[in-house]
Amino acid sequence: MAAITFPTIEDCASIGREKDTVIADMDGTLLVGRSSFPYFALVAFEVGGILRLLFLLLASPLAGLLYYFVSESAGIQVLIFATFAGMRVSGIESVARAVLPKFYSSDLHPESWRVFSSCGKRCVLTANPRIMVETFLKDYLGADMVLGTEISTYKGRATGFVKQPGVLVGNNKGYALKKAFGDTKPDIGLGDRHTDFPFMNLCKKFYKFFQTNFWLILSFFLSFFFFFFPKFSLFLSHFSKSIKSKYYMLNVILKCS
């Protein structure tokens, strides 16, 4: 069976999309960075303090091993447990409103925003806990619907576990999209990795973001600088985005030549 070839986001026109519905992944698609670790660490520190952040850092090697060598779902579940277990839900919601949006906004991908903002109906399908990202996506990006991983709670506190059907990766994304839209096919699907293909295949048209290993490695190191050296991290982040923008422009020029 031949492999499915996805056109890149640069091939997607953004004119005349007012009546179209777009479904987009978050990390690596709407955002430049593919890793959600920095945002989990922000929540851990802001709500739980330095001890919670240290616990998350200690758990991160296990999360990384599971993510890359077992399954994305298992790695993300470790991050969710290490970050949220025992936290007050009100504390998580407060950080999601007051702290996370400015960091998410600085990492917004210009190409994905060009397409996403041009569509009349916008939906985000993400493996991130919905409680972390919904405020930013709805209030700042104008998303009409946010489908994310649902965390389990008990008496106002997060248990660290997730509700069924589990972390929204792979086939779970496809099931979530089918449940939300039924037999209606969204017009555009945007994703960046093979675990996004199940939901992208349910859209009329789909576009994939190209990510090289260089950006994956850079994202990993920025995750640590982000917290221990925030000003230096901010400089590196803007520097990498500048280079990446030039890289995308070069790709477009080469395609047109």
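Predicted model, so just to flag it, every value in this text is computed and none were measured.
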Engineer: Would you find a donor on one side and an acceptor on the other, under 3.5 Å apart, between the side chain of Thr159 and the backbone of Ser152?
Structural biologist: yes
Engineer: Quick one: do Phe84 and Phe55 end up in the same hydrophobic cluster if we chain Ile, Leu, Val, Met, Phe, Trp and Tyr together by side-chain heavy atoms under 4.5 Å apart?
Structural biologist: no
Engineer: Is there a donor-acceptor pair under 3.5 Å between the side chain of Arg88 and the backbone N or O of Val47?
Structural biologist: no
Engineer: Looking only at atom types and distance, does a side-chain atom of Ser118 sit under 3.5 Å from a main-chain N or O of Val115, one as donor and one as acceptor?
Structural biologist: yes
Engineer: Would you give the length of the straight line joining atom CG of Asp192 to atom NE2 of His109, rounded to the nearest 0.5 angstrom?
Structural biologist: 9.5 Å
Engineer: Are side-chain heavy atoms of Phe37 and Leu79 found at a separation under 4.5 Å?
Structural biologist: yes
Engineer: Before you tell me yes or no, could you show the steps for Met145 and Arg122 under side-chain contact (heavy atoms from CB on, under 4.5 Å), namely the whole-Å CA-CA distance, both residues' side-chain angles and the distance that decides it to 0.1 Å?
Structural biologist: CA-CA 7 Å; Met145 183 186 301; Arg122 309 166 191 172; over 6 Å; no
Engineer: Indicate the atoms forming the closest heavy-atom contact of Pro101 with Ala98, along with that distance.
Structural biologist: CD-C, 4.3 Å
Engineer: Does any N or O in the side chain of Arg97 come within less than 3.5 Å of the main-chain N or O of Thr135, such that one atom is a donor and the other an acceptor?
Structural biologist: no
Engineer: If you draw a 6.0 Å radius around CZ in Arg157, do more than 12 non-hydrogen atoms from other residues or ligands fall strictly inside?
Structural biologist: yes
Engineer: Measuring from Phe136:CZ to Met26:CE, what's the distance to the nearest 0.5 Å?
Structural biologist: 5.5 Å
Engineer: Could you state the interatomic distance from CG (Asn172) to CG (Leu177), rounded to the nearest 0.5 Å?
Structural biologist: 12.5 Å
Engineer: Got Leu137 and Tyr104 here, is their nearest side-chain heavy-atom distance under 4.5 Å?
Structural biologist: no
Engineer: Is the shortest heavy-atom distance from the side chain of Leu147 to the side chain of Val124 under 4.5 Å?
Structural biologist: no
Engineer: Do Glu111 and Tyr207 come close enough that some side-chain heavy atom pair is under 4.5 Å?
Structural biologist: no
Engineer: To check you understand the geometry: which heavy-atom pair defines the closest contact between Phe116 and Leu141, and what is its length?
Structural biologist: CE2-O, 3.8 Å
Engineer: Rounded to the nearest 0.5 Å, how far does CZ of Phe45 lie from CG of Leu54?
Structural biologist: 10.0 Å
Engineer: Looking at Lys121 and Asp20, does any basic side-chain N land under 4.0 Å from a carboxylate oxygen?
Structural biologist: no
Engineer: Kindly assign one of parallel, tilted or perpendicular to the pair Phe161 and Phe81, based on the angle between their ring planes and the thresholds 30° and 60°.
Structural biologist: tilted
Engineer: Do Val167 and Leu62 share a hydrophobic cluster (ILVMFWY, side-chain heavy atoms under 4.5 Å, transitive)?
Structural biologist: no
Engineer: Answer yes if the side chains of Ser14 and Arg114 hold a donor-acceptor pair under 3.5 Å, and no otherwise.
Structural biologist: yes
Engineer: Members other than Leu58 in its cluster, when Ile, Leu, Val, Met, Phe, Trp, Tyr link by side-chain heavy atoms under 4.5 Å?
Structural biologist: none
Engineer: Count I, L, V, M, F, W, Y as connected when their side-chain heavy atoms are under 4.5 Å apart, and connections chain through other members. Are Tyr68 and Leu66 then in the same cluster?
Structural biologist: no
Engineer: So among Arg130, Gln164, Lys163, which one has a side chain to side chain donor-acceptor pair (under 3.5 Å) with Glu150?
Structural biologist: Arg130
Engineer: Taking the six-membered ring for Trp, are Tyr39 and Phe103 closer than 6.0 Å centroid to centroid?
Structural biologist: no
Engineer: So which heavy atom on Thr21 is nearest to which on Asp187, and how close?
Structural biologist: N-OD2, 2.7 Å
Engineer: Hey, mind stepping through Arg17 and Ile188 against side-chain contact (heavy atoms from CB on, under 4.5 Å) and telling me if it holds?
Structural biologist: CA-CA 10 Å; Arg17 298 284 188 187; Ile188 303 173; 3.6 Å; yes
Engineer: Please give me the minimum heavy-atom distance between Ala127 and Thr149, naming the atom from each residue.
Structural biologist: O-OG1, 2.7 Å
Engineer: Quick check: do Leu100 and Val43 have side-chain heavy atoms less than 4.5 Å from each other?
Structural biologist: yes
Engineer: Could you please spell out the steps behind the side-chain contact (heavy atoms from CB on, under 4.5 Å) verdict for Phe181 and Cys123?
Structural biologist: CA-CA 11 Å; Phe181 286 84; Cys123 173; 4.2 Å; yes
Engineer: Looking at Pro186 and Ile23, what are the two nearest heavy atoms and their distance?
Structural biologist: CB-CG1, 3.5 Å
Engineer: Return yes if some donor-acceptor pair links the side-chain N/O of Ser105 with the main-chain N/O of Lys102 below 3.5 Å, else return no.
Structural biologist: no
Engineer: Between Lys138 and Val146, is there a side-chain heavy-atom distance shorter than 4.5 Å?
Structural biologist: yes
Engineer: Does any part of the side chain of Thr8, heavy atoms only, come nearer than 4.5 Å to the side chain of Phe209, both counted from C-beta?
Structural biologist: no
Engineer: Starting at CG of Asn201, measure out to NZ of Lys185 and round the result to the nearest 0.5 Å.
Structural biologist: 8.5 Å
Engineer: Using a strict threshold of under 4.0 Å (side-chain N to carboxylate O), is an ion pair present between Asp25 and Lys173?
Structural biologist: yes
Engineer: Working to the nearest 0.5 angstrom, can you tell me the gap between Cys119 SG and Leu190 CG?
Structural biologist: 7.5 Å
Engineer: If hydrophobic clusters are built by linking Ile, Leu, Val, Met, Phe, Trp and Tyr wherever their side-chain heavy atoms come under 4.5 Å apart, do Val78 and Leu56 end up in the same one?
Structural biologist: no
Engineer: Which heavy-atom pair separates Ser36 from Asp27 by the least distance, and what is that distance?
Structural biologist: CB-OD2, 3.3 Å
Engineer: Out of curiosity, does Val70 fall in the hydrophobic cluster containing Val162 (side-chain heavy atoms, cut-off under 4.5 Å, transitive links)?
Structural biologist: no
Engineer: Heavy-atom distance under 4.5 Å between the side chains of Tyr175 and Pro198, does that happen here?
Structural biologist: no
Engineer: Verify, without hydrogens or angle tests, whether Ser71 (side chain) and Ala74 (backbone) share a donor-acceptor contact under 3.5 angstrom.
Structural biologist: yes
